[in-house]
Amino acid sequence: MLRLFSVCLIVAGLTFFSFGYIAAEETNIQRTGTEQKPEIKTEKPETTSPGEKKVISKLAKQFKVEEQRIVSLRTLGYGYGEISHALVIAEKSGKSLDEIVSLRNSGMGWERLLKNTI
């Protein structure tokens with residue numbers, strides 16, 4: 001019986017909390033006239049950690065590209081996995097890294113990009 005009461009109390013508390021949150025959001029929208037959207041960063045700051053420098057150096061040596069090219073892809077929002085995908089596809093297909101990145105930016109997925117280029 002005590003367990004049922006505890007569960008009911010928790011559910012009621014969460015319900016009232018969520019209604020309070022929704023009411024606060026609606027008040028904010030009415031006050032400002034527009035819904036506030038979170039700020040999305042489009043560029044990442046320069047890499048500074050020693051670990052990142054090691055990864056960049058290793059990728060640059062393995063695929064024979066300049067480290068700055070990898071850093072520029074990082075600042076565009078590409079992760080190291082995506083950069084590795086692009087470098088492997090560029091190497092296997094004989095196309096330039098710029099061509100592969102351009103195709104990826106056009107919305108083509110990695111699997112389709114791989115099938116179309118190799």
Side-chain angles (χ1 to χ4, degrees):
M1 186 71 169
L2 183 60
R3 179 177 269 172
L4 180 61
F5 179 72
S6 297
V7 171
C8 289
L9 188 61
I10 291 171
V11 170
L14 291 174
T15 304
F16 289 124
F17 176 75
S18 63
F19 283 130
Y21 179 76
I22 292 169
E25 280 292 314
E26 288 176 357
T27 303
N28 188 29
I29 292 170
Q30 290 171 356
R31 192 177 318 131
T32 60
T34 60
E35 186 174 348
Q36 295 178 351
K37 295 183 181 175
E39 182 180 330
I40 299 173
K41 289 187 175 184
T42 55
E43 292 187 6
K44 293 184 177 183
E46 291 285 328
T47 59
T48 55
S49 76
E52 284 187 288
K53 288 180 182 179
K54 284 181 184 178
V55 172
I56 291 168
S57 176
K58 188 166 183 133
L59 282 172
K61 284 181 186 176
Q62 183 177 353
F63 293 101
K64 298 174 183 82
V65 295
E66 294 179 17
E67 289 183 13
Q68 185 55 41
R69 185 67 181 118
I70 295 170
V71 171
S72 69
L73 289 172
R74 287 287 295 159
T75 59
L76 290 174
Y78 282 87
Y80 291 116
E82 291 180 304
I83 294 170
S84 297
H85 287 322
L87 289 167
V88 168
I89 293 171
E91 186 178 78
K92 298 287 183 187
S93 69
K95 295 189 180 216
S96 73
L97 183 59
D98 289 331
E99 288 177 279
I100 300 302
V101 170
S102 176
L103 289 170
R104 177 67 177 159
N105 287 340
S106 72
M108 192 178 288
W110 289 116
E111 184 179 358
R112 185 169 161 217
L113 203 147
L114 183 64
K115 288 178 181 178
N116 289 347
T117 57
I118 295 181

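Residue indices begin at 1 and follow the sequence shown.
Atom NZ of K58 sits about 11.0 Å away from atom OG of S84, to the nearest 0.5 Å. Between atom CG of residue L76 and atom CD of residue E82 there is a gap of 11.0 Å, rounded to the nearest 0.5 Å. The CD atom of Q68 lies 10.0 Å from the CG atom of L73; values are rounded to the nearest 0.5 Å. Between I100 atom CD1 and K92 atom NZ the span is 13.0 Å, to the nearest 0.5 Å.
Taking E99 as the reference, K95, S96 meet the side chain to side chain contact (heavy atoms under 4.5 Å, CB included) condition, with sequence neighbours excluded. For E67, the side chain to side chain contact (heavy atoms under 4.5 Å, CB included) partners at least two apart in sequence or on another chain are I56, S57, A60.
The shortest side-chain heavy-atom distance between Y78 and V101 falls under the 4.5 Å cut-off. In this structure the side chain of E52 reaches within 4.5 angstrom of the side chain of R74, judged on heavy atoms.
The nearest pair of heavy atoms linking I83 to I70 is CD1-O, 3.9 Å.
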Output a table of donor-acceptor pairs, distance under 3.5 Å, between side-chain atoms of residues 109-118 and any protein atom two or more places apart or on a different chain; print 'none' if there are none.
residue: E111; atom: OE2; partner: K115; partner atom: NZ; Å: 3.3
residue: T117; atom: OG1; partner: L113; partner atom: O; Å: 2.7

